[in-house]
Protein chains: 2
Amino acid sequence: MRKDINISEVAKKAGVSIATVSRVFNNSGPVKESTRKAIQKIIEETGYLPNVLARELAEKRTNLVGMIVHNLSGEGMSRAIEGVNRVLDSNSYSLLMTCSNGSLESERKHFELLRLKRVDGIIFATRSFKEEHKDMIEKLPVPVVVMLQNTENAGVPFVAFANTAFAKGATQKLIELGHREVAFLGGPEDSVNANERKRGFIEALEDAGIAVEEDFICHGNYHIESGYEQMKTILKRKKIFTAVVAVNDGMAIGALNCLQDHDVKVPEEVSVLGLDDTVLAKASRLKLSGVHYSYNDLGFEAAQMLLKQMQSEVYDFEKKVLPYEIHLRESVQARTHYKN
Amino acid sequence: MRKDINISEVAKKAGVSIATVSRVFNNSGPVKESTRKAIQKIIEETGYLPNVLARELAEKRTNLVGMIVHNLSGEGMSRAIEGVNRVLDSNSYSLLMTCSNGSLESERKHFELLRLKRVDGIIFATRSFKEEHKDMIEKLPVPVVVMLQNTENAGVPFVAFANTAFAKGATQKLIELGHREVAFLGGPEDSVNANERKRGFIEALEDAGIAVEEDFICHGNYHIESGYEQMKTILKRKKIFTAVVAVNDGMAIGALNCLQDHDVKVPEEVSVLGLDDTVLAKASRLKLSGVHYSYNDLGFEAAQMLLKQMQSEVYDFEKKVLPYEIHLRESVQARTHYKN
DNA sequence: TAATAGAATGTAAAGCTTTACATTTAGCGC
DNA sequence: GCGCTAAATGTAAAGCTTTACATTCTATTA
């Protein structure tokens with residue numbers, strides 16, 4: 001298409017050197033007022049825009065932040081990206097987005113791509129953080145902030161949710177309400193986040209001196225159908241329970257539907273709580289209880305932390321665990337005498 | 001961090017010129033086998049990676065595709081981005097993502113940013129396509145594909161859903177089932193997509209010779225609460241209707257909850273259909289009827305089209321309207337005699 | 001053996017900016 | 001009017017690659 005005008009053409013038209021034009025454009029040095037005016041006029045007339053590639057080459061920075069995400073399904077990650085974008089936008093950075101689909105090999109490829117593209121920093125959202133990831137990160141010439149995983153042990157900066165803490169807190173609320181036989185619908189057994197939540201659940205029981213029954217613990221895949229199935233499995237065991245904690249809203253909704261289909265009254269007979277607060281929580285007529293935490297803030301904080309690291313010479317360890325709120329709604333009530 | 005090695009250092013070590021190294025690295029010219037081997041060895045030893053910035057400067061292309069999206073809430077857009085990513089990934093392009101938050105001014109800013117960043121093409125997802133957008137696009141030196149809006153009139157290439165068609169089709173299904181008093185819960189009045197769906201609804205009625213009653217048409221904001229409110233408004237009018245078409249799943253779920261709360265039996269008394277098929281459709285015990293269309297495909301097709309445009313010299317108009325499927329599930333049944 | 005085609009390799013320009021350093025200009029005090 | 005300082009401007013290198021064109025081989029054919 002139409003040929004771009006470059007700095008030397010502007011300089012020629014203005015009868016000055018390119019250095020002076022550069023100084024005017026970037027306001028990076030003393031220029032006589034009359035010269036400045038003249039150059040600005042030419043810039044405007046010609047619509048001159050510097051070639052960012054050349055500039056980046058000279059400056060050795062791209063004002064680009066890379067982001068590696070396993071996938072985008074689920075509303076959480078999108079919100080996080082919005083949060084990231086908000087920060088980058090107001091700091092003149094742009095976002096290079098990639099989906100890794102979770103495999104280690106693919107993640108390695110994406111780290112290399114971002115390195116090649118010379119991004120100035122990387123936000124890395126992974127399902128589970130491995131030793132190999134640490135190696136990848138250490139090889140990079142730019143800072144990396146991990147999102148959604150607690151990488152304290154690895155010494156890698158991160159922003160994450162307090163999975164164990166809020167799972168424990170929510171379970172404790174149920175215990176406070178008199179529940180002692182509580183079932184847990186967990187996530188995939190190899191998911192770090194799901195296991196952290198499960199741990200919180202177990203800790204709450206243990207702290208209260210309640211024995212943890214394996215019969216009350218199941219694992220699913222986060223989906224509604226899976227919640228339904230796992231709930232059914234537990235129901236079949238015919239052991240009495242008065243509350244269910246689900247690792248996320250999908251499983252909670254599945255459980256809710258399953259209970260209702262089996263004529264178990266919620267919340268009169270069984271309370272249901274999802275460790276989540278997505279749009280699904282609002283979908284059922286019976287308002288689902290859950291834990292609220294902001295993915296938007298997650299992204300926001302991660303981007304903030306990254307920019308900070310990018311500005312400092314040394315990438316020192318830093319961490320941020322986000323706050324949460326437990327919302328008890330219609331799906332939870334105090335334990336009443338259980339009618340068998 | 002550690003200094004990168006550049007092509008001339010590799011050349012020096014190998015005792016050849018940089019041109020030869022470039023030829024080996026890019027496999028872009030004849031090189032004697034022994035020389036090639038030697039250079040490849042040095043490349044491996046030194047871990048040489050070309051400076052992409054310099055390369056892009058020389059090649060005048062960035063292998064970058066920009067994407068402007070109003071926002072990322074809702075699962076649709078994320079899926080679309082995944083689809084885009086899938087195509088770009090396998091074609092060695094990367095994605096520069098920006099959220100415009102919908103304002104025209106912001107969109108203009110983002111177009112400029114992408115132009116500055118010298119992306120090779122742009123995918124533009126907007127809520128409503130205006131004359132100004134066309135101007136912005138025509139000024140750009142790279143092709144643009146619009147996503148989610150039918151821009152046939154403007155002559156701008158696009159990939160979109162057949163809003164009017166599937167809304168009409170779904171409504172016709174209801175009519176075939178004997179429904180004649182059908183309510184419509186629409187989206188925001190300034191949303192092009194929402195209005196296209198409304199038009200399809202109206203066309204179906206008109207084609208069947210059914211008068212369109214304003215009392216049966218409401219507008220909301222896509223959310224569950226809004227669907228609930230609008231449904232209530234219509235219920236209050238005390239006119240008999242036997243089916244409801246909602247502009248999306250959120251409104252449909254809201255309507256469903258509202259009807260049930262008012263002791264209206266679904267589907268026995270009123271059928272409910274959402275012009276959507278998100279995760280929400282699976283959340284209720286009563287399986288919601290709807291229209292299925294794939295956002296992932298939307299992104300996929302948009303990216304494909306863009307790449308094609310990028311490869312051809314002239315950017316000729318092209319369009320793609322995606323297929324859809326109407327799924328009648330539990331929430332819809334044939335009209336039976338209406339008990340008053 | 002010389003000519004010649006074709007392969008292999010090298011040279012240098014083009015792509016465009018930033019910036020350290022060099023040079024020139026202007027202004028001020030004496 | 002001279003000298004000095006500070007401001008204004010210019011020069012050229014550095015950042016690194018690709019590639020058109022030039023040159024130098026190598027091998028084949030006459």
Side-chain angles (χ1 to χ4, degrees), chain A residues 1-40 42-43 46-64 92 115-120 141-142, chain B residues 1-40 42-43 46-64 92 115-120 141-142:
Chain A
M1 299 277 102
R2 88 150 184 268
K3 206 191 156 305
D4 283 329
I5 189 170
N6 63 25
I7 197 172
S8 48
E9 286 176 61
V10 173
K12 189 147 35 129
K13 273 188 214 280
V16 296
S17 75
I18 56 170
T20 305
V21 177
S22 175
R23 275 188 279 260
V24 169
F25 199 90
N26 302 306
N27 205 17
S28 60
V31 179
K32 214 205 305 184
E33 201 45 37
S34 60
T35 323
R36 155 165 283 123
K37 283 263 166 60
I39 293 175
Q40 272 167 345
I42 307 250
I43 286 177
T46 56
Y48 164 71
L49 285 177
N51 184 320
V52 176
L53 255 26
R55 170 187 276 184
E56 290 171 347
L57 181 59
E59 283 183 340
K60 297 186 188 179
R61 56 204 296 270
T62 54
N63 280 303
L64 230 47
S92 304
R115 152 122 212 242
L116 220 58
K117 284 286 184 185
R118 286 185 142 65
V119 298
D120 297 334
V142 294
Chain B
M1 297 276 107
R2 85 149 184 271
K3 205 190 156 306
D4 282 329
I5 190 170
N6 64 21
I7 197 171
S8 48
E9 286 177 61
V10 173
K12 188 144 42 125
K13 271 188 216 279
V16 296
S17 74
I18 56 169
T20 305
V21 177
S22 176
R23 275 188 278 260
V24 169
F25 199 91
N26 302 306
N27 206 17
S28 61
V31 179
K32 212 202 309 181
E33 200 47 35
S34 58
T35 323
R36 157 166 281 123
K37 283 264 167 58
I39 293 175
Q40 270 166 345
I42 307 250
I43 287 178
T46 56
Y48 165 70
L49 286 177
N51 184 320
V52 176
L53 254 27
R55 170 186 279 182
E56 290 171 349
L57 180 60
E59 283 183 341
K60 297 187 189 181
R61 56 204 296 268
T62 54
N63 280 301
L64 231 45
S92 304
R115 153 124 211 242
L116 219 59
K117 284 284 182 185
R118 288 186 137 66
V119 298
D120 297 334
V142 294

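Worth saying up front: this structure is predicted, and the values here are computed from it rather than measured. Letters A, B, ... mirror the listed sequences (proteins, then strands); counts begin at 1.
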* To do: Give a yes/no on whether any side-chain N or O of N6(B) is located under 4.0 angstrom from OP1 or OP2 of dC16(D).
  => yes

* To do: Go through dT18(C), dT17(D), dG10(D) for me and flag the one nearest to the Y48(B) side chain.
  => dT17(D)

* **Nearest heavy atoms of R23(A) and V31(A), plus distance in Å** => CB-CG2, 3.9 Å

* Nearest-Å distance, CZ (R61(A)) to P (dT17(C))? -> 18 Å

* **R118(A) and L53(B), any side-chain heavy atoms less than 4.5 Å apart** => yes

* Asked: Which nucleotide sits closest to the side chain of P50(B): dA8(C), dG10(D), dT17(D)?
  -> dT17(D)

* How close or far is atom P of dA8(C) from atom NZ of K37(B), stated in whole angstroms? -> 14 Å

* To do: Identify the heavy atoms of F25(A) and I43(A) that sit nearest to each other, and give their distance.
  => CD1-CD1, 3.7 Å

* Taking the side chain of K60(A) as its heavy atoms from C-beta onward, which of dG10(C), dG15(D), dC16(C) lies nearest to it? -> dG15(D)

* Asked: Bend across the helix from dT1(C)-dA30(D) to dC30(C)-dG1(D), to 10°, with axes taken over 5 pairs at each end?
  -> 60°

* Asked: Are side-chain heavy atoms of I42(B) and E9(B) found at a separation under 4.5 Å?
  -> no

* **Selected nucleotide, minimal atom distance to S17(A) side chain, candidates dT18(D), dT11(D), dG15(D)** => dT11(D)

* Nearest-angstrom distance from the residue atom CD of E56(A) to P of dT18(C) -> 11 Å

* Asked: Side-chain contact, heavy-atom cut-off 4.5 Å: N63(B) with K117(A)?
  -> yes

* With the side chain counted from C-beta on, respond yes when Q40(B) and V24(B) share a heavy-atom pair under 4.5 Å apart, and no when they do not. => yes

* **R55(B) side-chain N/O to dT18(D) phosphate OP1/OP2 under 4.0 Å** => yes

* **Nucleotide of dA8(C), dG10(D), dC16(C) approaching T35(B) most closely (side-chain heavy atoms)** => dA8(C)

* Structure fact -> DNA chain C nearest-nucleotide lookup for S8(A) and R23(A): closer to the 5′ end is S8(A)

* Structure fact -> Rounded to whole Å, CD1 of I7(A) lies from P of dG15(C) at a distance of 15 Å

* Can you tell me how far C1' of dC16(D) sits from CD1 of I43(B), to the nearest Å? -> 15 Å

* For T20(A) and V52(B), take the nucleotide of DNA chain D holding the closest heavy atom to each; which residue's nucleotide lies nearer the 5' end? -> T20(A)

* **side-chain contact (heavy atoms from CB on, under 4.5 Å) involving A38(A) - partner list, sequence neighbours excluded** => none

* Structure fact -> Closest of dG10(D), dT18(C), dT9(C) to the I18(A) side chain is dT18(C)

* To do: Please report, rounded to the nearest Å, how far the C1' atom of dG15(C) is from the CD1 atom of I5(A).
  => 16 Å

* Asked: Listed in order of residue number, which residues of residues 24-32 of chain A have a non-hydrogen atom at under 4.0 Å from DNA chain D?
  -> P30(A), V31(A), K32(A)

* How many Å lie between CD on E9(A) and P on dG15(C), as a whole number? -> 10 Å

* To do: Give a yes or no answer on whether the side chain of S22(B) reaches the backbone of I18(B) with a donor-acceptor pair at less than 3.5 Å.
  => no

* Could you check which of dG10(C), dT18(C), dC16(D) has an atom nearest any side-chain atom of A19(B)? => dG10(C)

* First locate atom CD1 of I5(A), then atom OG1 of T46(A), and finally report the distance between them rounded to the nearest 0.5 Å. => 4.0 Å

* Structure fact -> Note: P50(B) and R55(B) closest approach over all heavy atoms is CG-NH2, 3.5 Å

* Tell me: NZ of K12(B) to P of dG10(C), nearest whole Å? -> 15 Å

* Asked: Does S22(B) place a side-chain N or O at less than 4.0 Å from the phosphate oxygens OP1/OP2 of dT17(D)?
  -> no

